[in-house]
Amino acid sequence: MGTRKKIKNVDGLVPFTVVVVTLLQCIANVEVVAGAPMIPAMFVFGDSLVDHGNNNYLSSIAKANYLPYGIDFNGWPTGRFSNGRTIIDILADKLGIPYVPSFADPTTRGSRLLNGVNYASAAAGILDETGQHYGQRFSLSTQVLNFESTLDQLRSQMGSGRNLTQYLAKSIAVMVFGSNDYISNFLMPSIYPSSINYSPEDFANLLLNHYTRQILALYSVGLRKFLLAGIGPLGCIPNQRASGQAPKGQCFQHANQILGTFNVGLRTLVGQLNANHPGSIFVYANTYGAMGDILNNPAMYGFNTIDHGCCGVEGSERITCLLGSMPCPNRNQYVFWDAFHPTQAVNAILAERLWMGPPGDCYPINMQQMALI
């Protein structure tokens with residue numbers, strides 16, 4: 001049932017070849033100690049793509065706390081919306097830090113905070129209203145407030161002086177937002193009628209304005225390294241392919257096209273933030289381009305099924321995995337795990353491109369370079 005069909009208009013954004021000489025000179029002078037953590041901590045803000053179980057503790061129908069989720073993550077579900085590890089887990093391994101615990105987990109306190117915290121929440125968006133039909137979720141603004149509560153605990157452990165300042169400046173904030181603002185808001189006018197008032201361009205600008213305020217709020221309390229992920233080609237996820245708005249076997253191109261203003265705007269914002277905040281580094285991750293490359297060239301990456309999820313069954317192409325459903329045995333050959341989320345195999349590819357990709361993948365530097373600054 002798989003397909004190797006190419007998809008149209010998933011070319012990614014225009015590649016960039018900016019060389020940041022001063023930053024790379026700094027990196028060249030850094031000595032890396034084998035086995036030592038490269039950063040003190042990673043703080044994760046986002047949606048279900050990087051949720052490690054926060055929604056397990058919320059009154060929400062957007063949960064992944066049952067099998068077959070986690071079947072390849074020690075054989076048990078954790079709340080991750082994947083068969084195995086997320087991009088964040090793989091990056092944590094590369095950074096030499098433990099897996100980042102979920103904020104809502106009652107055991108996330110004391111020394112468990114020191115290597116970072118994951119605030120991501122399934123169905124969350126940049127806008128507070130996004131995803132409300134799923135129930136409770138930590139929106140972007142709530143996640144920022146949750147980080148500030150963590151900061152209060154860190155102050156009590158580390159003090160409010162130089163140690164905490166250096167700790168925050170060396171840590172990395174990863175932010176993965178925007179997908180739900182489209183598929184669980186803008187593209188659902190029957191549930192979110194306010195979206196009718198916006199053109200795609202105006203809606204993207206609304207998102208970027210809200211996003212900027214929250215990024216600067218995190219900057220104001222001490223974070224200095226930010227990885228901001230763009231939105232992938234949403235029109236090609238199984239949920240949108242099966243929406244009835246796309247020709248059979250093709251992506252819903254309208255959903256892909258309206259993302260352009262947001263992604264281009266986010267990359268432009270990164271340039272502005274770097275120019276206006278010396279001593280900090282903001283990085284744009286070209287998720288659209290990386291996923292588009294995988295979808296356009298699946299065989300090159302070892303995939304043979306791009307149009308439906310590994311744990312999907314006939315008639316369930318638009319939803320998450322059904323409780324107790326039997327997933328496909330050849331999970332490494334599927335791009336998508338369920339109707340919305342990639343498999344662990346895809347997460348590994350995306351993490352590698354974030355880690356050491358060229359400026360076309362990560363602008364102006366990649367995550368490895370950022371960690372070494």
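The figures here come from the full heavy-atom set of this structure, side chains too, leaving out hydrogens, waters and symmetry mates.
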Side-chain donor or acceptor of Gln157 paired with backbone N/O of Gly110 under 3.5 Å: yes

Side-chain donor or acceptor of Asp181 paired with backbone N/O of Ile126 under 3.5 Å: yes

Reported OG-to-NE2 distance for the pair Ser243 and His254, which is rounded to 0.5 angstrom: 10.5 Å

Distance in Å, Asn180 CG paired with Ser48 OG, rounded so as to fall on 0.5 Å steps: 5.5 Å

Test log, rule disulfide (SG to SG under 2.5 Å), inputs Cys311 and Cys328: CA-CA 6 Å; Cys311 70; Cys328 63; over 6 Å; no

Side chain to side chain, Ser179 and Asp47, heavy atoms closer than 4.5 Å: yes

Common cluster, Val335/Met300, ILVMFWY with side-chain heavy-atom separation under 4.5 Å: yes

Asn54 side chain vs Asn118 backbone, donor-acceptor pair below 3.5 Å: yes

ILVMFWY cluster, Ile61 and Tyr192 together (side-chain gap under 4.5 Å): no

Cluster overlap Val176 with Met367, hydrophobic side-chain contacts below 4.5 Å: yes

Ring centroid separation Phe336 to His308 under 6.0 Å: no

Heavy-atom donor-acceptor pair, Asn263 side chain to Ile231 backbone, under 3.5 Å: yes

Distance flag, aromatic centroids of Phe203 and Tyr182, threshold under 6.0 Å: yes

Distance flag, aromatic centroids of Phe103 and Tyr119, threshold under 6.0 Å: yes

Donor on one side chain, acceptor on other, Asn83 and Asp72, under 3.5 Å: yes

Ser121 and Asn55: side chain donor to acceptor below 3.5 Å: yes

Test item: side-chain donor near acceptor, Asn297 and Asp293, under 3.5 Å: yes

Within-4.5 Å side-chain heavy-atom neighbours: Phe303 and Val346: yes

Nearest non-hydrogen partners of Cys321 and Tyr69, listed with the distance: N-OH, 2.9 Å

Any pair counted as side chain to side chain donor-acceptor pair (under 3.5 Å), so long as it reaches residues 87-103, sequence neighbours left out: Arg80-Asp89, Arg85-Asp93, Thr86-Asp89, Asp93-Tyr99, Lys94-Glu352

Closest heavy-atom pair and its distance - Leu295, Cys236: CD1-CB, 3.7 Å

Check: Phe282 main-chain N/O paired with Lys225 side-chain donor or acceptor under 3.5 Å: no

Interatomic spacing from CG in Asp338 to CD1 in Ile237 - rounded to 0.5 Å: 9.0 Å

Tyr57 side, atom OH; Thr108 side, atom OG1 - distance, nearest 0.5 Å: 7.5 Å

Linked, directly or transitively: Leu113 and Val100 (ILVMFWY side chains, under 4.5 Å): yes

Closest non-hydrogen atom pair between Val283 and Ile365, with its separation: CG1-O, 3.2 Å

Intermediate values then yes/no, side chain to side chain contact (heavy atoms under 4.5 Å, CB included), Thr343 and Asn347: CA-CA 6 Å; Thr343 56; Asn347 285 335; over 6 Å; no

Steps toward side chain to side chain contact (heavy atoms under 4.5 Å, CB included) verdict (Val117, Val44): CA-CA 6 Å; Val117 177; Val44 182; over 6 Å; no

Within-4.5 Å side-chain heavy-atom neighbours: Thr305 and Gln333: no

Cluster check Met326, Phe73: I/L/V/M/F/W/Y, side chain < 4.5 angstrom: no

Side chain to side chain, Met188 and Ile183, heavy atoms closer than 4.5 Å: no

Polar side-chain atom of Arg137 near backbone of Tyr134 as donor-acceptor pair, under 3.5 Å: no

Ring centers of Phe81, Phe340 separated by less than 6.0 Å: no

Residues Ser149 and Asn146: side-chain donor-acceptor under 3.5 angstrom: no

Side-chain (Asn366) to main-chain (Gly357) donor-acceptor, under 3.5 angstrom: yes

Intermediate values then yes/no, side chain to side chain contact (heavy atoms under 4.5 Å, CB included), Ser82 and His341: CA-CA 7 Å; Ser82 178; His341 308 98; 5.8 Å; no

Spacing of Ile196 atom CD1 and Phe186 atom CZ [to the nearest 0.5 Å]: 10.0 Å

Asn65 to Asn56 - nearest heavy-atom pair and separation: CB-OD1, 3.3 Å

Least distance between heavy atoms, Met291 atom then Pro233 atom: CB-CD, 3.5 Å

Donor-acceptor pair, side chain of Asp202 and main chain of Tyr198, under 3.5 angstrom: no

Check: Gln240 side chain, Gly235 main-chain N or O, donor-acceptor pair, under 3.5 Å: no

For Arg224, salt bridge (Lys or Arg N to Asp or Glu O under 4.0 Å) partners two or more places apart: none

Test item: Phe43 and Met175 side chains (from C-beta on) under 4.5 Å apart, heavy atoms: no

Heavy-atom check, side chain of His210 versus side chain of Leu140, under 4.5 Å: no

Atom pair CZ (Phe147) and CD (Gln214), whose distance is rounded to the nearest 0.5 Å: 12.5 Å

Contact summary for Tyr167 and Asn115, nearest pair of heavy atoms: OH-N, 4.5 Å

Note, Asn185 side chain near Leu127 side chain (heavy atom, < 4.5 Å): yes

Flag side-chain contact, heavy atom, 4.5 Å: Ser184 against His133: yes

Stepwise side chain to side chain contact (heavy atoms under 4.5 Å, CB included) check, Asn286 with Arg353: CA-CA 9 Å; Asn286 183 9; Arg353 293 180 75 147; over 6 Å; no

Side-chain donor/acceptor of Lys170 to backbone N/O of Ile39, under 3.5 Å: no

Geometric cation-pi criterion, Arg241 with Phe252: 6.0 Å, 45°: no

